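Written below as structure tokens is the structure these notes are about.
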There are 2 protein chains.
Amino acid sequence: MANIQATDAGKHKMSAAHRVEHALIEEISAGELLPGVRLDEVGLAHRFGVSRTPVREALSRLTAQGVLVPGEKRGAFVAEYSREQLSQIFEAMHEIEAACARIAAQRLSLLARSEIETAQGDCMKAAEAGDRVAYLRANEAFHLTIYKATGNPYIAEIASEFRRRTGPFRAKKFQTREDLIGSAQSHQTLIDDIFSEDSNTASKGMRDHMTNSFMQTLRVN
Amino acid sequence: MANIQATDAGKHKMSAAHRVEHALIEEISAGELLPGVRLDEVGLAHRFGVSRTPVREALSRLTAQGVLVPGEKRGAFVAEYSREQLSQIFEAMHEIEAACARIAAQRLSLLARSEIETAQGDCMKAAEAGDRVAYLRANEAFHLTIYKATGNPYIAEIASEFRRRTGPFRAKKFQTREDLIGSAQSHQTLIDDIFSEDSNTASKGMRDHMTNSFMQTLRVN
DNA sequence: ACTTTTCTTTTTGTATACAAAATTATTGGG
DNA sequence: CCCAATAATTTTGTATACAAAAAGAAAAGT
């Protein structure tokens, strides 16, 4: 459960430690840093042009957040998960996503509706264009609008964290243009369920959507 | 979402940074460090007999986990919550706890049953004795047995984290021996629901239990 | 008396050095 | 050739010094 208060970025120059932390999170999410990869303090310090101190801080923070795992005796590694662990994460994620859908359906504002629809429009556009990178980004943004619609930053953050951590694994199921279009189309069903404003319909809709997503993900991991 | 991998404690001497981190977590959970209190790097370094470096690391990790919040420009403070925020946390917690109860009911092992019953026995003992400190500890332990019964470390950890963070606020509702006994007795209803092995019964039982707990907590905060 | 400016102190973030622990490479013996 | 011992190298954790930023206190101005 990470800190959800605003970071300093808007008010002050971001510290080196935070820059390194965010850069690593981005790389992990983008699949550029693969699970199991060892992170090297000295190498990172050299690469970011800073001393080991801020690098150590960034690595330590990421370890505290579970994004990295410590080696048995030394080193920090990008967290990797067995299929067993992945399925456990998905089970937890399943519950959280269903809860988010339920709460979102209960307190859907016009603004939230609009944001969800706009995000879905972006998904459809990227899928039609067969633009995988854009679709990955749009897909994540779409789900974030649902979390935001809950009006509850705490549960939204948990859902977001799960999404970030499983991102590289889930991304593997989006290979062809057909994959993208299928995913984007399934969003529409989900939206209808949430916009029904019926808690159980929304919750069930999200469970179905995520079950499908997880099954596909486990197929390719 | 914190790191749930085992720490080094069992294999090696714990680093100073981890010692400080754990000590602070304990003090916050015990209500010795109150919400809103500012943590002073230099003072803590002096108190723990180490340099600022491991203290900074501990504070940074706790900030990454949301246990502490950064001041606008400087300082780290024990996170405090308005009633509004508390109720949002409880809403999220409500969902997580209900999910834990549902999953636990679905996969209840004999060992898990035994552990839950033992923990409840400890609760009853502490309550009858009017021993507030012991009850607080036993109550937390009781809930942890339910999380463990889910067999899913990820959702268990989220639930545990919420429990840790709201601990000081929830503890305020346990003032008299009657409070303790009432709480311990409500566990029995909850146990029956979970031991029914019916998902919906367990889920609803937990929702009721937590709703009651939250209402009481908001009354005294 | 109040406000602004200047000075001082405190806090923060970082670089660097050092020591200890862990790992790897090399050497010598069977 | 294999294994054990030793040496060298790398990694980790920490202490300390330094500079910059922020806050507080004191002095000067209106």
Side-chain angles (χ1 to χ4, degrees), chain A residues 2-3 5-25 33-34 36-80, chain B residues 2-3 5-25 33-34 36-80:
Chain A
N3 182 10
Q5 309 269 356
T7 62
D8 289 337
K11 297 183 180 179
H12 309 281
K13 187 177 171 211
M14 194 187 298
S15 69
H18 278 276
R19 272 194 292 113
V20 173
E21 180 185 352
H22 293 169
L24 292 180
I25 287 181
L33 267 184
L34 297 178
V37 167
R38 184 174 171 281
L39 298 179
D40 165 40
E41 285 181 14
V42 177
L44 287 173
H46 189 256
R47 176 179 147 202
F48 286 96
V50 296
S51 74
R52 274 175 57 226
T53 309
V55 169
R56 286 183 56 79
E57 179 169 332
L59 295 185
S60 188
R61 288 174 65 88
L62 291 173
T63 302
Q65 291 165 75
V67 176
L68 304 180
V69 293
E72 288 207 351
K73 299 207 174 156
R74 45 162 53 191
F77 298 79
V78 180
E80 61 186 333
Chain B
N3 182 10
Q5 308 268 359
T7 61
D8 287 337
K11 296 185 181 178
H12 308 282
K13 187 179 172 205
M14 194 187 296
S15 69
H18 279 276
R19 273 196 290 111
V20 173
E21 180 185 353
H22 292 168
L24 293 180
I25 287 181
L33 266 184
L34 296 178
V37 168
R38 183 174 173 281
L39 296 180
D40 166 37
E41 285 180 11
V42 177
L44 287 173
H46 188 256
R47 177 180 145 200
F48 286 95
V50 296
S51 75
R52 275 177 56 227
T53 309
V55 169
R56 285 184 57 79
E57 180 169 330
L59 295 184
S60 188
R61 288 174 64 89
L62 290 174
T63 303
Q65 291 166 76
V67 176
L68 303 181
V69 292
E72 287 208 350
K73 299 208 173 155
R74 47 167 46 190
F77 299 80
V78 180
E80 62 185 332

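Order of the sequence lines sets the chain letters (A, B, ...), proteins ahead of strands, with each chain counted from 1. Since we're looking at a predicted model, the values are computed, not measured.
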Euclidean distance, atom [atom1] of residue [X] to atom [atom2] of [N] [Å, nearest integer]:
{"X": "B:E72", "N": "C:dT11", "atom1": "CD", "atom2": "P", "result": "18 Å"}
{"X": "B:L39", "N": "C:dT12", "atom1": "CG", "atom2": "P", "result": "10 Å"}
{"X": "B:E41", "N": "C:dT14", "atom1": "CD", "atom2": "P", "result": "12 Å"}
{"X": "B:F77", "N": "C:dT11", "atom1": "CZ", "atom2": "C1'", "result": "12 Å"}
{"X": "A:E57", "N": "D:dT14", "atom1": "CD", "atom2": "C1'", "result": "15 Å"}
{"X": "A:L44", "N": "D:dT11", "atom1": "CG", "atom2": "P", "result": "12 Å"}
{"X": "B:H18", "N": "D:dT14", "atom1": "NE2", "atom2": "C1'", "result": "14 Å"}
{"X": "B:M14", "N": "C:dA21", "atom1": "CE", "atom2": "C1'", "result": "18 Å"}

Taking the side chain of [X] as its heavy atoms from C-beta onward, which of [options] lies nearest to it?
{"X": "B:D40", "options": "C:dT11, D:dG13, D:dT11", "result": "C:dT11"}
{"X": "A:R74", "options": "D:dA22, C:dT12, D:dT12", "result": "D:dT12"}
{"X": "A:S51", "options": "D:dG13, C:dT14, D:dA15", "result": "C:dT14"}
{"X": "B:R56", "options": "C:dT12, D:dA23, D:dA15", "result": "C:dT12"}

Under 4.0 Å, heavy atoms only, any strand: does [X] hit a base, just the sugar-phosphate, or nothing?
{"X": "B:R19", "answer": "nothing"}
{"X": "B:V42", "answer": "nothing"}
{"X": "B:T53", "answer": "base"}

Is there a side-chain contact between B:L59 and B:L24, using heavy atoms and a 4.5 Å cut-off? yes
Between protein and nucleotides 18-20 of chain C, what N or O pairs are separated by less than 3.5 Å?
none

Closest approach of A:G36 and A:F77, non-hydrogen atoms and distance? O-CD2, 3.4 Å
Smallest separation among heavy atoms of B:A16 and B:P54, with atom names: CB-CB, 3.9 Å
If we ignore hydrogens and angles and just use 3.5 Å, is the side chain of B:Q65 paired with the main-chain N or O of B:R61 as donor and acceptor?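 Checked: pair present.
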Can you tell me if B:R52 uses its side chain to pair, donor with acceptor, with the backbone of B:A45 under 3.5 Å?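 No, because the side chain of B:R52 does not come within donor-acceptor range (under 3.5 Å) of the backbone of B:A45.
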Quickly, which of B:V55, B:T63, B:L62, B:L33 forms a side-chain contact (heavy atoms from CB on, under 4.5 Å) with B:L39? Name it, please. B:L33
How long is the straight-line distance from CG of A:L44 back to CZ of A:R56, given to the nearest 0.5 Å? 12.5 Å
